[in-house]
Amino acid sequence: MPGETRGARRCRPHRAEWNVYLLAGRTGNGEFLVVPLDSTGLETAPARRLSFAEFLGEVVAAEQGLPRWVWEDTSRLYPLLLAAGVRVQRGHDLRLCHAILRQSALTSTSELATAAPSRWDSGPAAQPEAPEPHSTLFDLGFADDGLDEDPAEDDAQAEFRRQLTAVAASAEPGRLRLLLAAESAGALIAAEMQFAGLPWCTEVHDRLLTRELGPRVAPGLRPERLEDLARRIRLELGDPQVNPDSQQDLLRALQRAGLTMSSTRAWELQKLEHPAIAPLLEYKKLARLLSANGWYWMDTWIVDGRFHPEYVPGGVVTGRWATRGGGALQLPRQVRGAVIADDGWKLVVADAAQLEPRILAALSADTAMATAGRGTDLYAGIVASGVVETRDHAKVAMLGAMYGATTGESGRLLPRLARAYPRALGLTETAARAGERGEAVTTRLGRSSPRPGESWLATQAQAQAYHPGATDADERRARSQARDWGRFTRNFIVQGSAAEWALCWMAEIRRELRLLQAPEGTVPGRSPVFTHAPHLVFFLHDEVIVHTPAGLAEEVEQIVVRAAATAGRHLFGDFPVDFLLTVATVDSYDQAK
DNA sequence: ACTCACAGCGCC
DNA sequence: AGGGCGCTGTGAGT
């Protein structure tokens with residue numbers, strides 16, 4: 001467990017914590033049921049049934065008092081508000097928070113965690129009904145908004161109270177409160193970023209594709225460059241039929257050409273000497289660009305100069321976000337040049353440098369490792385401390401420690417790292433051993449890893465000594481499986497805590513951005529709700545992009561940097577670890593880094 | 001026609 | 001014996 005007790009003071013009480021509104025759901029005839037609550041989840045006034053217009057008015061009026069809006073599912077409700085021009089500052093997402101508390105080791109004895117599965121356990125955000133990626137944004141009809149009709153009226157309130165009770169009774173209520181607030185803020189941000197979209201210039205994208213692939217052709221046809229390469233591949237392999245898009249076909253052709261290989265992976269091809277290899281590698285690269293981010297992708301996902309991916313907070317077990325559609329978390333560097341700020345605007349691109357090692361240093365209170373990263377590149381700091389010779393060695397060794405490498409260069413360097421940073425490496429080892437035993441591990445703020453499934457446990461039990469049926473093969477399989485789970489928990493604790501830091505970072509950026517006003521005259525044509533002022537438009541695990549009027553870019557940079565330090569304090573109190581950022585104000589995404 | 005697993009590769 | 005993902009195309013199954 002990462003749980004040293006330092007930093008307890010980071011848990012500041014939130015202003016206006018008593019001011020809570022519950023949206024209990026919608027009634028059969030489409031009314032919104034709103035209940036004012038106090039901080040223990042008890043009603044302070046009778047529930048009211050409001051039309052959507054009345055509800056919007058209520059939200060706008062109530063926002064003056066910085067309330068926390070409690071509702072079942074931000075991803076379903078908040079887009080309705082955004083489309084109507086209404087933003088909220090604080091939320092509590094019952095579905096996301098339930099998932100955390102259900103699983104957390106810190107609340108394992110709570111009523112919430114011990115109850116039978118209920119509708120609150122229905123898993124990640126429900127799929128949008130509409131197949132059109134943008135319909136939830138622009139064609140909001142109330143008939144299919146996905147909000148529950150006629151829920152048990154007190155159900156949401158009861159769930160909220162169960163959550164409050166579980167947190168209050170836990171050993172770390174402050175951390176959990178912060179986690180739930182951060183997760184909920186993330187849900188608001190996710191909806192806002194989807195709404196705003198990432199500025200995307202289709203002309204630049206098209207030029208880029210044409211330069212690489214040749215002019216656009218009808219779907220199903222190969223663009224010129226790909227066709228040329230396919231021809232060369234067939235020529236060099238002496239096989240006029242081979243289809244380079246088919247692994248099986250390709251593998252057989254390569255073997256017939258005398259190459260011994262078991263797959264067609266690029267890194268395996270690279271090791272071989274054959275005139276077909278170079279065009280084949282080039283073909284794979286370009287075919288990937290065409291299929292993943294080509295013209296079809298552009299037509300599907302770019303609407304009105306904006307890329308609107310759906311972010312899925314809590315979509316990954318570690319607490320990282322996932323996305324649905326568009327592959328937003330895998331935007332290849334090749335196409336980032338098409339991410340371009342509006343006229344008179346800039347992109348502030350910020351990325352947390354060596355985030356996970358810094359998180360590990362803080363989690364384990366490894367002062368030596370934290371010192372290596374103070375005010376400098378952490379890997380360079382490790383080299384400067386004489387632990388290893390090169391930055392690359394430092395990086396490979398650190399990644400090995402966090403991912404569980406045992407062989408190769410990383411495995412060889414690990415002992416040196418362990419001597420220099422025994423606390424940090426001790427924490428990853430402890431997390432791995434817990435996983436190998438089938439136990440859960442818990443992040444800094446209280447998100448616990450899932451327990452292994454039935455078949456995992458059965459395999460382990462089967463291989464226990466003295467089990468009459470156990471064979472050598474069973475034991476090997478069990479050990480290998482145990483180590484796999486150990487690598488998962490080893491990484492979980494670092495990746496999950498880093499995800500928490502990132503949520504706090506973004507929430508803080510968002511909070512401060514709200515206070516900035518766009519200068520007069522910089523408002524472009526599109527200014528629904530909040531997109532006329534600096535706003536977050538992209539998030540990628542340890543990196544954010546803010547779209548801002550050029551005149552405010554410097555202030556935005558300061559906000560982003562300040563927010564990183566604040567996030568560090570929220571998670572780790574006074575522990576002296578730096579969270580360094582690489583920040584750049586640019587016109588297009590590819591100019592950063 | 002539709003679903004599914006897999007290979008492969010993009011991102012962190 | 002390297003953690004977490006999403007997406008595409010292929011090819012096998014229904």
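Labels below follow one simple rule: chain letters A, B, ... track the order of the sequence lines, proteins then strands, and each chain is numbered from 1.
Residue A:Ser291 is in sugar-phosphate contact alone, with no base atom involved, counting any heavy-atom pair closer than 4.0 Å across all strands shown. The residue A:Gly400 sits apart from the nucleic acid: no heavy atom pair falls under 4.0 Å. Residue contacts shown for A:Val494 are absent, as no nucleic acid heavy atom lies under 4.0 Å away. Among the heavy atoms of the strands lying under 4.0 Å from A:Gly325 are primed sugar atoms or P, OP1, OP2 only; no base atom is included.
Counting to the nearest Å, the C1' atom of C:dG6 and the OH atom of A:Tyr311 are 14 Å from each other. One can place CZ of A:Phe307 at 12 Å from C1' of C:dC7, the figure rounded to the nearest angstrom. Put simply, CG on A:Leu226 is 12 Å from P on C:dG9, counting in whole angstrom units. To the nearest angstrom, P of C:dG6 lies 12 Å from CD of A:Glu310. Atom CH2 in A:Trp301 sits about 14 Å away from atom C1' in C:dT8, given to the nearest Å. One atom, CZ of A:Arg477, and another, P of C:dA1, lie 18 Å apart when rounded to the nearest Å. In this structure, CG of A:Leu360 is placed 17 Å from P of C:dG3, rounded to the nearest angstrom. We find that CG of A:Leu289 is positioned 13 Å from P of C:dT8, with the value rounded to whole Å.
Ion pairing of A:Arg479 with A:Glu436 is absent here, as no side-chain N (NZ or NE/NH1/NH2) approaches a carboxylate O to less than 4.0 Å.
Between the axis at the start and the axis at the end of the helix from B:dA1-C:dT14 to B:dC12-C:dG3 there is an angle of 0°, using five pairs per end and rounding to 10 degrees.
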Handout entry: salt bridge (charged side-chain N to carboxylate O under 4.0 Å, His left out) between A:Asp245 and A:Arg222, intermediate numbers included
Key = CA-CA 11 Å; A:Asp245 291 319; A:Arg222 285 197 182 93; 3.3 Å; yes

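Taking 4.0 angstrom as the limit, A:Thr318 places none of its side-chain polar atoms (N or O) nearer than this to OP1 or OP2 of C:dC5.
Put simply, the side chain of A:Arg234 does not reach to within 4.5 Å of the side chain of A:Gln241, judged on heavy atoms. Two residues are said to be in side-chain contact when any heavy atoms from C-beta on lie closer than 4.5 Å; A:Thr442 and A:Arg447 fail this criterion.
The aromatic rings of A:Trp200 and A:Phe307 sit perpendicular to each other, their planes meeting at more than 60°, with 30° as the lower class boundary.
Within a 6.0 Å radius of CZ in A:Arg336, more than 12 heavy atoms belonging to other residues, nucleotides or ligands are found. By the 6.0 Å contact criterion, NZ on A:Lys395 is open, its count of non-hydrogen atoms from other residues, nucleotides or ligands being 12 or less.
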Practice task
If a protein heavy atom is under 4.0 Å from the base, mark B; if only from the sugar-phosphate, S; if neither, -; do that for nucleotides 6-12 of chain B going 5' to 3'.
Solution key: -SBBBBB

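In terms of heavy atoms, A:Tyr421 sits closest to A:Ala372 at OH-CB, 3.9 Å.
With hydrogens and angles left out, the side-chain atoms of A:Thr323 and A:Glu310 include no donor and acceptor closer than 3.5 Å.
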